[in-house]
2 protein chains.
Amino acid sequence: MSSSRATLMQVAERAGVSLASTSRALHGTGASQAMVDRVRAAAAELGYSPDAIGRSLRMKRTFQIAFAVADIGNPVYVEMLTAIHEVLAPHGYRVVVMSTGPTVGTTVDLVRSLGSGFVDGLIVSPLRTDDALVEAIRQAPVPVVVIGRSLEKQGIDSVSTDSAAGLGQAVAHLVEIGRRRIGFVNGPLDTTPGAARQRGFDAATSAPAFAGEHAETERADDFTVTAGLAAARRLLSRTPAAGPFDAVVAANDLLAIGVIRAAGELGLTVPGALAVTGMDDTEIGKVFQPSLTSVSLGSADRGRAAAQLVLDRVGDVVEPAQQIAIGPHLVVRESTTTPRADAVAGPPASKEKSAR
Amino acid sequence: MSSSRATLMQVAERAGVSLASTSRALHGTGASQAMVDRVRAAAAELGYSPDAIGRSLRMKRTFQIAFAVADIGNPVYVEMLTAIHEVLAPHGYRVVVMSTGPTVGTTVDLVRSLGSGFVDGLIVSPLRTDDALVEAIRQAPVPVVVIGRSLEKQGIDSVSTDSAAGLGQAVAHLVEIGRRRIGFVNGPLDTTPGAARQRGFDAATSAPAFAGEHAETERADDFTVTAGLAAARRLLSRTPAAGPFDAVVAANDLLAIGVIRAAGELGLTVPGALAVTGMDDTEIGKVFQPSLTSVSLGSADRGRAAAQLVLDRVGDVVEPAQQIAIGPHLVVRESTTTPRADAVAGPPASKEKSAR
DNA sequence: GTGAAAGCGCTAACAC
DNA sequence: GTGTTAGCGCTTTCAC
C-alpha cells in the first residue's frame, strides 16, 4: 500500500496538455503521434493507471458480470464458473460471484439488487423458479441469462439442457446391459432439476420398451453425497416383489456416490450386483472408484454459452430472447460395466461413448 | 431489462426537497421523521435504488474484494472462496474472482492491475512467489492478504499453515501403524507448497525416530489426479532393497487419489498392502472409497482468516503486518486403517483424530 | 488535432 | 434540520 494514485488530470498537467488530449492520446483516438508520445511518457513517469470507477460512471459500464448460484461448492457450478471466466476475461470483463441462497425469495432479492448497477449483466442458475422471479428478471435493468429451465416463452435468455432426455439415456443404457429392476434416487422434487429428472425417469420407465420391468423412486433431501447415502439405504432395504434392485439411476454424481457407498455397506458389488449411473459427468465421478457412468449435461458448455450470450446482450445486440440447448450425452464408465484390472485410467475423456 | 433507473436527483424532485436532504433521509443521518417518510415514499414510487458506481466514486470505496488463485477448479480454492464469501457478504462486500495464471509474471500483472481501483482489497494465494511479486504487493494501492507462505518479515499480511509439520504428522502416523517403507508423491518443487512439503518429508524421514526405514520421493508434474497416477506408477514400479513400499504419502488429496488408482492397477489393496495419506482434507477425499486419511490445512479457516484480515485493513486498522497461522491436523480415515464393512459412513467430521 | 467544459450519481462540507 | 455547492475521475460533445 503506497501513495495515492495519479489521476488523468495530473498526467495532463505533467505533459502540459489538456485533459481531453490526454484521454484521447491514451486511447489512441485522434491524436498526433507527438501527443501520444508526450502523454505516454508523462503517464509512465507518474505510474498512471486509469481509474475503473471514474470510467464506469462516465461510460455507464462496469465491465463486470455477476454469476449467481445457490452453492458455489457444487462441482457443476465450479465448472460453469471456470468456463464463464475463461470466456469473459479476454473481453476485459471481471466476474463477481454471488450467492442466491436456496430459496426463490433471496434469488429475487439478488436480481433486484442489480438496480444498484454494479454489474453489466448477470448469469444465474436458480434451483427453483416462480413467477415473481421471472418477473424480476424481466424487469432487471441489465441483461440476465438463466442457466437451467428454458425461459424463452417468457422472453428471457436461457441456456438449458434436456435432463429428462438424459435420464432416458441412462435408463436405456441400463436396460441394454440387461438390468431389469431399476431404482431412482432423485433430489427434491420442488427444484427445477429434480422435477425434470423425475419426469424423465417416469417417461422412460413407462415406455413400451420398459414393459414388464420394475421401477421405483426414492427421494433424497438434497443433491449431496450424504443425502444420497441415506436415500439409497432406504431404497435398497426394500425388496420389490420382482426381486432385488439390479440398478440405480441417481439424479446427479454426488447422489450416485452416496448410492455406491450404501451398496458397499450392504455388500453389493458395483457394477456386479448393482449398476449405478450418475448425472453431470463431474471430475469427481471420473476419478471415483469405480468410475461413474454419467450423463453429461455439458456444464462447461452451458457456462460458455451463457457467457457468450450475456456478452452479446451487453454489446447492444437487440434480438428476441434466445434459448440455447445443450444436448445431454451418456458417458459409460466402470459403474455400469465390468472393469478390467488394467483399464483403470486417469480422468479420461477418451472412454466416452454416446448412447441412443 | 426495462427503463433507465431513477437517480437520487429525481427522488429529490419528486419529494420536493433538496438533494442533500434526500441522501440524508435515505441514510437516516440527521433528518426529521417527516423528511424520512416523504423521501422514502418518493423513492418507493420511483423504484429508486442507489447507484453503486456514483457512490463508489465519491466514497472511494467499491465494496468489492478480489480473490485470485491459479486454478479456481481446485477444491481447496473452492473451499476458501466459499469461506471468504461467507465472511464478506454480510459486511456488504462483493467477491470478484480472478485468475493469476500459473506463473509469477501474470500474478504480478494482476497485483499491478489493482491500480485501476476496482476493488478495495485483494486476497491472493500464489503458487509461486518471487521478489518482484513481493515488491508489487508492497506497492499495491489497496490492502493485499496472501494465503500461503508467511510474508510477515516482508511486511505483508499473510495467512499460512505449516504444511511441512503436517507432512511430519502423516509420516508419524504411518510409522505408528507399522509402515516402514514410505514413498512420497510430491508436486512440482518450484511451487511454494511443493517446496514446503518436500522439506517436511525430508525432515520427518531423517529424524532419529525414522532410523532404519526406507524413504523415497517421486515428483508429479502437477497437483492433479492424472499426474499423481503417473507418478505413482513410476514409484511403485521400483522395489527398494528394503522391500516393496507399504505406504505412500501424497502431497495433496488429488495426488493421493491418483496413487490409490495406481495401486489398484498393480493389485495392491489399500490400506492392506499400501497405506495412503493425502493432504488438504477435501470433500472428495472424505467420500472417496476408501475414504482418505488426510492432513487438514484448514482451507476454510484460512479463507475466513484472510477475509477478516482484509476487512480489518480496509477498515483503516493501521497495524504492522500480521501473520496468522492455522495449525495442520491429521484426520485418520480408511486409507490407513482397516475399514469395517458397516463403518462406511457419509462425509463425517466426526471420525477426526488429532495426531502428535 | 487540440482545448474548454459539461456531466455521469453520489456524499459531505459548509452555510443558514 | 435543511439547502447549496463542490467535486470524486473520467469520456465526450462542442468549438476552434
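A note on names: the letters A, B, ... follow the listed sequences, proteins ahead of strands, and every chain is numbered from 1.
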Requested in this report: Anything under 4.0 Å to a heavy atom of chain B counts; send over the first and last such nucleotide of DNA chain C, read 5' to 3'.
Outcome: C:dG9 to C:dA13
Query - B:Phe67 side, atom CZ; B:Leu122 side, atom CG - distance, nearest 0.5 Å - result: 9.5 Å
Requested in this report: Working to the nearest 0.5 Å, report the span between CD of A:Glu13 and CG of A:Leu8.
Outcome: 10.5 Å
Report summary line: B:Met9 atom CE is separated from D:dG3 atom P, nearest whole Å, by 14 Å
Requested in this report: Quickly work out the B:Leu8 CG to D:dT4 P distance and round it to whole Å.
Outcome: 14 Å
Report task. Check step by step if side chain to side chain contact (heavy atoms under 4.5 Å, CB included) holds for A:Arg61 and A:Ser56. Result -> CA-CA 5 Å; A:Arg61 281 167 132 240; A:Ser56 287; 6.0 Å; no
Query - Full working for salt bridge (charged side-chain N to carboxylate O under 4.0 Å, His left out) between A:Asp301 and A:Arg304 - result: CA-CA 5 Å; A:Asp301 289 340; A:Arg304 262 188 291 276; 2.9 Å; yes
Query raised in the report: So what does A:Ser32 touch, heavy atoms closer than 4.0 Å: a base, only the sugar-phosphate, or nothing?
Result: sugar-phosphate
**Report entry** Heavy-atom side-chain contact between A:Asp157 and A:Arg313 under 4.5 Å
**Finding:** yes
Anything under 3.5 Å between a protein N or O and an N or O of nucleotides 13-16 of chain D, put it in a table, one pair a line.
none

Query - 5'-most by nearest nucleotide on DNA chain D - B:Leu19 or A:Ser23 - result: B:Leu19
Query - Of residues 48-60 of chain B, the positions that come close to DNA chain D - non-hydrogen atoms, cut-off under 4.0 Å - result: B:Leu57, B:Arg58, B:Lys60
Query raised in the report: Quick one: is the NZ or CZ of A:Arg94 closer than 6.0 Å to the six-membered ring centre of B:Phe118, and within 45° of its axis?
Result: yes
Requested in this report: Might you point out which heavy atoms bring A:Leu88 and A:Val95 nearest each other, and give the distance in Å?
Outcome: CD1-CG2, 4.0 Å
Query raised in the report: Does a side chain donor of either A:Ser158 or A:Glu152 reach within less than 3.5 Å of an acceptor in the other side chain?
Result: no
Query raised in the report: Near A:Asp131 CG, under 6.0 Å, is it more than 12 heavy atoms from other residues, nucleotides or ligands?
Result: no
Query raised in the report: After noting the C-alpha distance and the side-chain angles of A:Val144 and A:Leu114, does the key distance pass the side chain to side chain contact (heavy atoms under 4.5 Å, CB included) rule?
Result: CA-CA 10 Å; A:Val144 175; A:Leu114 295 176; 3.9 Å; yes
